[in-house]
Amino acid sequence: MSDVKVPPTARGAREKSKVTPPVLPAEHLERVMAWGGATAGMSYVYRPSTAAALHETLTLAQRSGRTVGLRGGGNSYGDAAMNSENVVVDLRRMNRILEWDATTGRIRLEPGVTLAQLWQYVLEDGWWPPVATGTSLTTMGGSAAMNVHGKNAFRVGPIGDHILEFDLMLASGETITCSRQENSDVFHAAIGGFGMLGIFTSLTIQMKHIYSGLLDVETTTQDDLAGMFAYFDDHVATSDYTVGWIDSLAAGKHTGRGDVHRANYLAPGLDPNPSQSLRLENQHIGPNLFGIMPRSIMWLFMRPMMTDAGLSLVNFGKFLAGRVGGVKRYRQPHAQFHFLLDYIPDFKKAYGPGGLIQYQPFIPQATAHDAFAELLTLCQRRGLPNYLTVLKRHRPDDFLMSYSVDGFSLAMDFRVTTENRQRIVWLAREMDEIVLRAGGRFYFAKDSTLRPETALAYLGAERIETFRALKRRCDPGGLLETDLWRRVFG
Ligand SMILES: Cc1cc2nc3c(=O)[nH]c(=O)nc-3n(C[C@H](O)[C@H](O)[C@H](O)COP(=O)(O)OP(=O)(O)OC[C@H]3O[C@@H](n4cnc5c(N)ncnc54)[C@H](O)[C@@H]3O)c2cc1C
């Protein structure tokens, strides 16, 4: 955890001005945490609700010699939405739906609109967000800045592939409109540009037409990583969504075994009562588990499982439960399929006070199997198993800072304690070598450990320089910064 310091004035701005910069009011000082809870810092937090107030905040930060880090829902696992000892602009109050056309499925919204707000707004008109992350607490601005993906990444790509246009406020306060036709270079770099080029103040996104509030779901188990990969490959053309949960403790010939879930939209006519299944109240899980236990305290029951022995038991039980009865087919509401984790409020608290770090490499199809087997085995050898391990299939995209590949990603959650923290960092370095050798990439939304030399190795000097040149154009004074930016590109 970072020490709480009284913020000094940002270096760049201090050098530029001989006048003593104004001191920001102490009542804006707040502790800002990474979602994973493994890092925190003090920042001056501002929460503008209009573009004019946002511009004022930028001006204030500039005058006081501080940099500005942008923050949506704060769901990035590491330091992407943190700006310790400087200004953090929390954009969640800019959360209005600006235009909605239920005939075309085009929506224009402010950046603080959350995924939960969005799907609940469009669902009853027969639409669904084209890309849904594992939590619906993300904002659309934060999602665009990271170019997030869903369990359908292999079919529809990341959210950027569905953004038609956006308005971007630059550090100067000027707002430019970007699309594939207009300011196309900024369009392709600000999406996935982790808030370093400007601030999305509005986004126009194409929704997906649906004919039912239900999905056809199929779940099955696979005995090993090869089985997992084969299942994904066999169903790529016929599934709308696919995701695998891997038992990270299974070793030897069982390495990579786990459950796979895939789901398909219902074609018109397959749902006997779509007007009912599309109603909001039929999407949610009730407030109590098994009708009695409040979901809000479920994390307490998960806590004892967050040990190697507990994990081993849970993984084995989950695998066995999947095995019994073989392949299972059922219909499930969209929200329950996508946002299961949201139904266990504060589930991350189960990891304990040290929080968690996620490591999610993206590796091309040809090398992914061997690389993931090596990563899983290495974690076991180092005595640092992952507590949640998720496999997804992806396709490439044309955004400048893309993390995606024609291949797979493996998201691995590590519980952090005072004793193992440094060992996780060393493990990440060893894993970086394996990922780079396999031609893999990394994802800033999940990252806590990437080093400049690793970023250079997978992104390449030319791509980074193109991004830096765009940053100099959009933000010549270097006003926009985060802890992630300073760690990896500073
Ligand atoms: C439980 C859980 C499950 C997740 N599942 C997935 C998943 O399935 N797929 C996936 O891709 N990701 C997933 N994530 C990661 C998450 O989707 C991303 O980190 C996303 O960016 C978070 O959105 P946010 O609004 O919380 O943004 P924040 O984390 O607050 O910010 C993300 C980035 O966006 C920038 N930013 C925020 N607002 C703006 C703006 N208006 N203009 C410009 N830049 C801005 C910030 O500076 C930061 O760099 C998951 C996270 C959690 C906690």
Side-chain angles (χ1 to χ4, degrees), residues 32-37 48 51 54 67-83 87-95 109-118 131-153 157-160 166-171 175 178 186 189-203 241 243 338-348 351 355-356 358 360 362 388 390 392 394 401 403-404 409 411 413 443-448 474-475 480-485 488:
V32 178
M33 280 186 106
W35 183 85
L54 171 61
T67 62
V68 174
L70 308 172
R71 189 169 174 94
N75 292 285
S76 294
Y77 277 67
D79 52 5
M82 292 172 57
N83 194 23
V87 171
V88 163
V89 176
D90 177 337
L91 289 145
R92 280 177 299 180
R93 286 177 70 212
M94 289 181 68
N95 62 355
L109 40 76
E110 288 188 332
V113 168
T114 61
L115 181 56
Q117 211 183 325
L118 175 60
V131 168
T133 44
T135 172
S136 62
L137 304 177
T138 48
T139 64
M140 298 322 290
S143 299
M146 285 304 182
N147 204 8
V148 300
H149 60 269
K151 300 174 183 75
N152 55 354
I159 188 72
F166 58 76
D167 285 335
L168 191 73
M169 185 183 283
L170 305 180
T175 295
C178 304
V186 179
I191 293 177
F194 46 103
M196 286 302 101
L197 299 188
I199 305 139
F200 299 114
T201 50
S202 81
L203 296 133
Y241 299 97
V243 61
H338 287 289
F339 311 127
L340 200 62
L341 291 175
D342 288 354
Y343 291 103
I344 312 175
D346 290 327
F347 80 92
K348 65 180 173 184
Y351 281 84
L356 73 146
Q358 189 174 100
Q360 184 180 18
F362 290 68
L388 184 66
V390 177
K392 286 191 204 140
H394 300 267
M401 301 302 267
Y403 54 83
S404 202
S409 70
D413 289 1
Y443 184 22
F444 295 130
K446 305 294 184 71
D447 180 60
S448 296
C474 294
D475 178 19
L480 298 175
E481 279 196 358
T482 56
D483 290 357
L484 169 83
W485 169 261
V488 182

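Just so you know, ligand 1 is whichever comes first in the structure, and atom 1 is the first atom listed for that ligand.
- The aromatic rings of His149 and His394 sit perpendicular, their planes meeting at an angle over 60°, well past the 30° parallel limit.
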Legend entry - Stepwise side-chain hydrogen bond (donor to acceptor under 3.5 Å, both in side chains) check, Gln358 with Asp413: CA-CA 4 Å; Gln358 189 174 100; Asp413 289 1; 2.6 Å; yes

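- Every atom of ligand 1 is numbered from 1 in the order shown, and the set under 4.0 Å from a heavy atom of Ala81 is 28 (P), 29 (O), 30 (O), 31 (O).
- Proximity to Arg71 (heavy-atom distance under 4.0 Å) selects the following atoms of ligand 1: 30 (O), 37 (C).
- Nearest non-hydrogen protein atom to atom 22 (C) of ligand 1 is Thr138 CG2, 3.5 Å.
- Scanning both residues, Tyr403 and Val148, for their nearest heavy atoms gives OH-C, 3.6 Å.
- Ligand 1 has no N or O atom lying under 3.5 Å from any N or O atom of Leu91, backbone or side chain.
- Here atom 33 (C) of ligand 1 lies nearest to Met146 when heavy atoms of Gln360, Met146, His338 are compared.
- Residue Pro111 has no N or O atom closer than 3.5 Å to an N or O atom of ligand 1.
- Atom numbering of ligand 1 starts at 1 in the shown order; those under 4.0 Å from a heavy atom of Ser76 are 19 (O), 21 (O), 28 (P), 29 (O), 31 (O), 32 (C).
- Taking a cut-off of under 4.0 Å to the non-hydrogen atoms of Gly195, the atoms of ligand 1 that pass are 43 (C), 44 (N).
- Checked by distance only, ligand 1 and Gly142 come closer than 3.5 Å through their nitrogen or oxygen atoms.
- For Tyr443, the closest heavy-atom approach to ligand 1 falls below 4.0 Å.
- Not a single heavy atom of Gly36 sits closer than 4.0 Å to an atom of ligand 1.
- Ring geometry for Trp35 against Phe347 counts as tilted: the plane angle lies between 30° and 60°, on a 0 to 90° scale.
- Nearest protein neighbour of atom 34 (O) of ligand 1, counting heavy atoms only, is Ala145 CB, 3.1 Å.
- Closest heavy-atom approach to atom 1 (C) of ligand 1 within the set Phe166, Tyr77, Trp485, Phe200: this belongs to Tyr77.
- Within the 4.5 Å cutoff, the side chain of Val113 has no heavy atoms near those of the Thr139 side chain.
- Proximity of Asp475 to Met196: side-chain heavy atoms (C-beta onward) are nowhere separated by under 4.5 Å.
- Looking at ligand 1, you'll find an N or O of Gly74 within less than 3.5 Å of one of its N or O atoms.
- Summary of contacts: the protein heavy atom closest to atom 9 (N) of ligand 1 is His149 O, 2.7 Å.
- Proximity of Gly150 to ligand 1 is not established, as no heavy-atom distance is less than 4.0 Å.
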Inset, instruction - Kindly indicate, with the supporting measurements, whether the criterion side-chain hydrogen bond (donor to acceptor under 3.5 Å, both in side chains) is fulfilled by Asp167 and Ser202. - result: CA-CA 5 Å; Asp167 285 335; Ser202 81; 3.1 Å; yes

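- Ranking protein heavy atoms by distance to atom 26 (O) of ligand 1, first place goes to Asn75 N, 2.8 Å.
- Lys446 counts as a contact of ligand 1, since one of its heavy atoms falls under 4.0 Å from the ligand.
- The closest side-chain heavy-atom distance from Leu170 to Thr175 is not below 4.5 Å.
- Considering both main-chain and side-chain atoms, Gly134 comes within under 3.5 Å of ligand 1 through a nitrogen or oxygen pair.
- Of all protein heavy atoms, the one lying nearest to atom 2 (C) of ligand 1 is Thr135 CG2, 3.5 Å.
- For atom 20 (C) of ligand 1, the closest non-hydrogen atom of the protein is Val148 CG1, 3.8 Å.
- Shortest non-hydrogen contact noted between Asp447 and Leu484 is OD2-CD1, 4.0 Å.
- Closest heavy-atom contact between Ser409 and Gln360: OG-NE2, 3.1 Å.
- For atom 47 (O) of ligand 1, the closest non-hydrogen atom on the protein side is Leu70 O, 2.6 Å.
- Among protein heavy atoms, the minimum distance from atom 18 (C) of ligand 1 is reached at Ala445 CB, 3.8 Å.
- Every atom of ligand 1 is numbered from 1 in the order shown, and the set under 4.0 Å from a heavy atom of Phe194 is 47 (O), 49 (O).
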Inset, instruction - Decide yes or no on side chain to side chain contact (heavy atoms under 4.5 Å, CB included) for Leu137 and Thr114, but give the supporting numbers first. - result: CA-CA 6 Å; Leu137 304 177; Thr114 61; 5.8 Å; no

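- Residue contacts with ligand 1: Ala80 is placed with a nitrogen or oxygen under 3.5 Å of a nitrogen or oxygen of the ligand (distance criterion only).
- The distance criterion of under 3.5 Å between nitrogen or oxygen atoms is not met by Leu137 with respect to ligand 1.
- Of all heavy-atom pairs between Leu203 and Ala144, the closest is CD2-CB, 3.8 Å.
- Contact of the Leu115 side chain with the Thr133 side chain is registered, since non-hydrogen atoms from C-beta on lie closer than 4.5 Å.
- For the pair Ala190 and Leu168, the tightest heavy-atom approach, listed with the atom from each and the gap, is CB-CD2, 4.2 Å.
- Taking only nitrogen or oxygen atoms, main chain and side chain alike, Lys392 reaches within less than 3.5 Å of ligand 1.
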Inset, instruction - Please lay out, stage by stage, how Ser136 and Asp342 fare under the test side-chain hydrogen bond (donor to acceptor under 3.5 Å, both in side chains). - result: CA-CA 7 Å; Ser136 62; Asp342 288 354; 2.7 Å; yes

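- Ligand 1 has no nitrogen or oxygen under 3.5 angstrom from a nitrogen or oxygen of Leu341.
- Across all their heavy atoms, Arg71 and Ala81 have their closest contact at NH1-O, 2.9 Å.
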